[in-house]
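See below for the structure under consideration.
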Amino acid sequence: MTATVASHRKPRQHPLAALTGGGSRSARTARTAATLALAGAATATATGFEGTAQAAHRPTPAQVKDRFDALYQEAEVATQNYNGAKESADTAREELSRLQDEAARRTRKLNAARSELGTLAASQYRSGGVDPAVRLLLSADPQRYLDGAAVLERTGSHQATAVAGYARRLGSVRQVRQRAEETVERLADTEAKLKKHRVTVVHKLGAAEELLHRLTAEQRQRMTARDGARSGPGQGRTDHGAGLGGGLGGGPLAGIPGGAGAAAAQAPSPRAARAVAFAYSALGKPYVWGATGPSAYDCSGLTQAAWKAGGVALPRTTYTQISSGPRINRSQLAPGDLVFFYSGISHVGLYVGDGQMIHAPHPGAPVRIAPIDQMPFAAATRPA
């Protein structure tokens, strides 16, 4: 009985037997195939998810272009801040140099006056005494004299005029030196801002270049082609995408409709005409942030140089150039007018007629002609 029951029982297979080789050969083969299939499917699924995640994080060329433009615009804001700080620093250095020269000149006069008083004191000593005012003035601390100006009223002597002159010179020297010290402090503060803006510009430009490296040469070429189409055909300009790997060159305009001669003829004044002619002569020169020529320019450096050729001294930055003359409606634009872009007034170009301007776009894109509707128009000014 027991044997019969035992003969009909089959030993239960351990759950791990399927993974350790239990069962018949055919069953093991089937299980192995299934296991490999599941493993392959899992690997493919994981790879698919990873690829999808990577694709989701990989920007399209259009996204790269938008971010690239945004970074260059941010860099231009920092460039204008840099230009303003540099202008202030240059002004402070000039003022400091002038004050130092003035302090030296007044100190020489002060020393001469002191020498004169010394001679007078020596003469008085030989004749029997020295005026108290002179003794006080020639003491180790002349400030005591300045703090006690009533001494002059008590002297009543013929040397009062000499003493008063020395006092005035001493006071003026101290005033000049005080202004020089204040200028040194202002210069140090401005140079700190200059360094900060420089770091910001370099960071933004570096980020823009890093974005470009994510694109293939073909993608950069397509970006260049799109910018060329937007700038319009036959304009004789260097392309907006020249710095995007397109390798397109540019140079001065010659014999094209709406060229320098026609634009200058339409200018509202001889000064504006000369500014336009200068801008045309700068076509093809590279953009370098902070540059004012003659071999390279940034946007406000170009407009400043152009109007300088016309006999008008413009300030250095876009923020200050916009106040260099009366505002002009877009419908009233004439060659030579300054056209400004973006809400922060961070970019400027020189209008040359027919809806076109000459401007210095950004690093890698030389001075060129472009339509003014290429960027968000903000305002226009006619320098006076």
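- What you find for R368 and P361 is that their closest heavy atoms are NE-CG, 3.5 Å.
- A donor-acceptor contact under 3.5 angstrom links the side chains of Q321 and T303, judged on distance only.
- Taking the six-membered ring where tryptophan is involved, the planes of H347 and F341 are tilted, since the angle between them lies from 30° to 60°.
- Only one option out of R174, Q175, E182 pairs with Q178 in a side-chain hydrogen bond (donor to acceptor under 3.5 Å, both in side chains); it is E182.
- Using a 4.5 Å cut-off between side-chain heavy atoms of Ile, Leu, Val, Met, Phe, Trp and Tyr, with links allowed through other members, I322 and V77 fall into the same hydrophobic cluster.
- Closest non-hydrogen pair, A334 versus P268, comes out as CB-CD, 3.8 Å.
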Please step through side chain to side chain contact (heavy atoms under 4.5 Å, CB included) for the pair V339 and H359, ending with a clear verdict.
CA-CA 10 Å; V339 283; H359 73 143; over 6 Å; no
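- Both Y351 and M375 are members of a single hydrophobic cluster when ILVMFWY side chains are connected at heavy-atom separations under 4.5 Å.
- Remark: T183 OG1 to R177 CZ distance equals 14.5 Å, nearest 0.5 Å.
- Side chains of L338 and L314 form a contact here, defined as non-hydrogen atoms less than 4.5 Å apart.
- W307 is listed as a side-chain neighbour of R271, based on a closest heavy-atom distance under 4.5 Å.
- Of all the heavy atoms in A378 and I345, the pair that sits closest is CB-CD1, 3.6 Å.
- Rounding to the nearest 0.5 Å places CG of N81 at 8.5 Å from OG1 of T200.
- For the pair L302/L350, no side-chain contact is recorded, criterion being any heavy-atom separation below 4.5 Å from C-beta on.
- Put simply, the side chain of N83 does not reach to within 4.5 Å of the side chain of W289, judged on heavy atoms.
- Taking 4.5 Å as the limit, every side-chain heavy atom of D298 sits out of range of all side-chain heavy atoms of Y82.
- Rounded to the nearest 0.5 angstrom, S269 OG and R274 CZ are separated by 8.0 Å.
- Rounding to the nearest 0.5 Å places CD of Q304 at 11.0 Å from SG of C299.
- Counting only heavy atoms from C-beta outward, the side chains of T190 and T91 never approach each other to under 4.5 Å.
- A continuous path of ILVMFWY side-chain contacts below 4.5 Å connects L283 to V352, so both sit in one hydrophobic cluster.
- Across L187 and L96, no two heavy atoms sit closer than the pair CD2-CD2, 4.4 Å.
- Here the closest non-hydrogen pair linking A309 and F278 is CB-CD1, 3.7 Å.
- In this structure, the side chain of T381 does not engage the main chain of S323 through any donor-acceptor pair within 3.5 Å.
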Side chain to side chain contact (heavy atoms under 4.5 Å, CB included) for T318 and Y342? Distances and angles first, verdict last.
CA-CA 11 Å; T318 55; Y342 301 103; over 6 Å; no
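- The list of side chain to side chain donor-acceptor pair (under 3.5 Å) pairs with a residue in residues 326-341, not counting sequence neighbours, reads D337-R382.
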Given R67 and E74, is the salt bridge (Lys or Arg N to Asp or Glu O under 4.0 Å) satisfied, shown in steps?
CA-CA 10 Å; R67 183 57 183 151; E74 292 167 8; 3.4 Å; yes
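- For G349 against M357, the heavy-atom pair with the smallest separation is CA-SD, 4.1 Å.
- Donor-acceptor pairing under 3.5 Å is lacking for the side chains of Q80 and E76.
- The pair D101-R105 does not meet the salt-bridge criterion, since no charged nitrogen lies less than 4.0 angstrom from a carboxylate oxygen.
- In terms of hydrophobic clustering, with Ile, Leu, Val, Met, Phe, Trp and Tyr side chains grouped at heavy-atom distances under 4.5 Å, V312 and V276 are assigned to a common cluster.
- Rounding to the nearest 0.5 Å places CZ of F340 at 11.0 Å from OG of S346.
- Applying the side chain to side chain donor-acceptor pair (under 3.5 Å) criterion to R186, with sequence neighbours excluded, gives E95.
- Note on Y297: it does not cluster hydrophobically with V288, by side-chain heavy-atom contacts below 4.5 Å among ILVMFWY residues.
- Between Y72 and P363 the shortest side-chain heavy-atom distance falls below 4.5 Å.
- Annotation for K285: atom NZ counts as buried by contact number, over 12 foreign heavy atoms lying within 6.0 Å.
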